[in-house]
Number of protein chains: 2
Amino acid sequence: MSEKKETREKQDTLFVGSLEKGMRVLSAFNEHHTALGLTDLANLTGLDKSAVQRLANTLHKTGYLHKDPESRRYSPALKFLELGNAYLWADPLVQLAMPKLIELGRKLGERVNVARLDGTEIVYIIRIPTQLTAFGAMVAGRRLSALTTSSGRALVSCLDPAARKEAVETWPVRVMTSKTTLDRSKIAQAVEEAAACGYGLTVSENIINEIGIAAPIPSERGRPVATVQCSVSAMRWTVDRVREEIAPHIIEVANSIHLPG
Amino acid sequence: MSEKKETREKQDTLFVGSLEKGMRVLSAFNEHHTALGLTDLANLTGLDKSAVQRLANTLHKTGYLHKDPESRRYSPALKFLELGNAYLWADPLVQLAMPKLIELGRKLGERVNVARLDGTEIVYIIRIPTQLTAFGAMVAGRRLSALTTSSGRALVSCLDPAARKEAVETWPVRVMTSKTTLDRSKIAQAVEEAAACGYGLTVSENIINEIGIAAPIPSERGRPVATVQCSVSAMRWTVDRVREEIAPHIIEVANSIHLPG
DNA sequence: TGCCATGTATCATTATATAATAAAAAATCC
DNA sequence: GGATTTTTTATTATATAATGATACATGGCA
């Protein structure tokens, strides 16, 4: 009874394992997994049958998971959305940027977004969906590999050379389309270009025929952590026109946002 | 040791108390509480110091709560938003309605929304923010008393007479502005009017000088549970013009949405 | 500077979650 | 359409893991 204490060394007494497991169950749900049975959950979370049963039941009883009486599968309830809402109120960047983004969306008549860098990925926190497109590009909270996005490239281009090199070489890339760039030297090139012109740019990386362009939002001190981004259809736009007609506007808006910290 | 088993009678063995407490901590964060210290959390959740300490620490370590090293206060992290995103993917209504709402937003040039009824409140699940307004009216996941909203009134007006009466008389009303209607007979009148004309309507109930109008989305079988809604400024619109120019459009869109179940 | 509120760390005690197992209910297959 | 597999639900003994009281540290504030 003294052999297996090396899983979690120090944080033991102020770490509630059951809660962590419960959160594992919660976050098993995402764009690919919208309704899950107990065995699905067990597989996805790595927890055993019994644990999943208790945790899912608890989340159901507390109103976080809807349980379909027919299929007996669980899916996210409205409380999920309220948690998202809580984030939006808590992030000062959202409040600052929202009015400017709405204005920008009206001016450009195209989809504009704000994205934050989180680790090696970017998360869209504001989306103004002026034009129709893939569902995933219209909802807040989506997470994409930074290196495949205009926002990610814009932000990586602001890192100091060493960090930039490491990011380009090691950050993971998830393939989204047949045009997703996997060649690290091409990514490096795109990042250098972003550094040169002050904005990141992608074509068809995440959605076919989508052109993305993003400008970093300056941070009072420290590196930028977010961007103002615009996505347009390559059916109606060319890269050159995007550079000429959209770039100046998103840069202007990005620079007009002064976020504390 | 046999006196206190009546708090939770049956669900005991498959109910994980720690998880429920952890969720209490999570949901302490909302539009009014964006950054909370341990004592704040203890007060809001009704848990004791130590419990909150352990739970908050766990949520911090698992990436759900950001902890400001300065103030040592916790606030929602990006994972909150990802949970919201998971909901949006899981709700078929969101996917069905999104393109139609974008189209409608473009046509009207005004803010359009989809709201769901949840208990005695409505929750906005899609928001197309075409025009500037209060921040709370631009983000998904917000929860308002059903009876003070055009969406809620539209949906209550679809209930059978007995349920309608009970809703109007007993559902709680949270005061949002100086114009929020507390008089139940006036609410009853508004609901009857909604029943008569097929859409709910509010003026300044939740935001001063805001006119709201909402049409129920029919359900295959059973009562409607959601609405297509539009909010406009009373500075630019009159109620009569809203009835004439907006009502037909939101009704048409609402009726074009066929959601299963 | 010294005080009070707030956050952090420790620990014995037992309640509480665990994982194994059995029973029931669906789904799947021939 | 009936038998077999898979998935879900329910039960229980056991010890782990959460508890809450307490003591300590820290920072804010007058």
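Just so we're on the same page: letters track the sequence lines, and every chain starts at 1.
Separation of the Trp89(A) and Phe135(B) ring centroids falls under the 6.0 Å cut-off.
As rounded to whole Å, 16 Å separates atom C1' of dA17(D) from atom CD of Gln53(B). Straight-line distance from the NZ atom of Lys49(A) to the C1' atom of dA19(C): 12 Å, rounded to whole Å. Leu59(A) places its CG atom 13 Å from the P atom of dA17(C), with the value rounded to the nearest Å. One atom, CG of Leu41(A), and another, P of dT7(D), lie 13 Å apart when rounded to the nearest Å. Put simply, CG on Leu36(B) is 20 Å from P on dA5(C), counting in whole angstrom units. Here the P atom of nucleotide dA9(C) and the CZ atom of Arg54(B) are 14 Å apart, to the nearest Å. Rounded to whole Å, atom C1' of dT7(D) lies 12 Å from atom CG of Asn43(A). Atom C1' of nucleotide dT16(C) and atom CZ of Phe15(B) are separated by 13 Å, given to the nearest angstrom.
Between Asn85(A) and Arg142(B), the side chains place no donor N or O within less than 3.5 Å of an acceptor N or O (distance only, hydrogens not considered). A donor atom on one side chain and an acceptor atom on the other are found under 3.5 Å apart for Ser256(B) and Lys100(B).
Looking at Val114(B) and Val94(B), their side chains never come closer than 4.5 Å, going by heavy atoms from C-beta outward. Inter-residue side-chain proximity for Ser219(A) and Val225(A) is flagged as unmet; no heavy-atom pair is nearer than 4.5 Å. Asp91(B) is listed as a side-chain neighbour of Arg116(B), based on a closest heavy-atom distance under 4.5 Å. Using a 4.5 Å heavy-atom threshold, the side chains of Tyr87(B) and Leu78(A) count as touching.
Distance from the side chain of Ala51(A) is smallest for dA19(C) among the nucleotides dA9(C), dA19(C), dT7(D). Minimum atom distance to the side chain of Thr13(B) is reached by dT12(D), of the listed dA9(C), dT18(C), dT12(D). Comparing dA9(C), dT18(C), dG20(D) by their closest approach to the side chain of Ser18(A) singles out dT18(C). Considering only the side chain of Val16(B), dA17(C) comes nearest among dA17(C), dT7(D), dA18(D).
Among the protein residues, Thr39(B) comes within range of the sugar-phosphate backbone only, with heavy atoms under 4.0 Å from sugar or phosphate atoms but none that close to a base. Within 4.0 Å (heavy atoms only), Ser50(B) reaches at least one base atom of the nucleic acid.
Separating the P atom of dT13(C) from that of dT14(D) is a span of 22 Å, rounded to the nearest Å.
For DNA chain C, the neighbouring residues in residues 65-76 of chain B, judged by any heavy atom under 4.0 Å, are Lys67(B), Arg72(B).
For Lys21(A), no side-chain nitrogen or oxygen approaches OP1 or OP2 of dA17(C) to under 4.0 Å.
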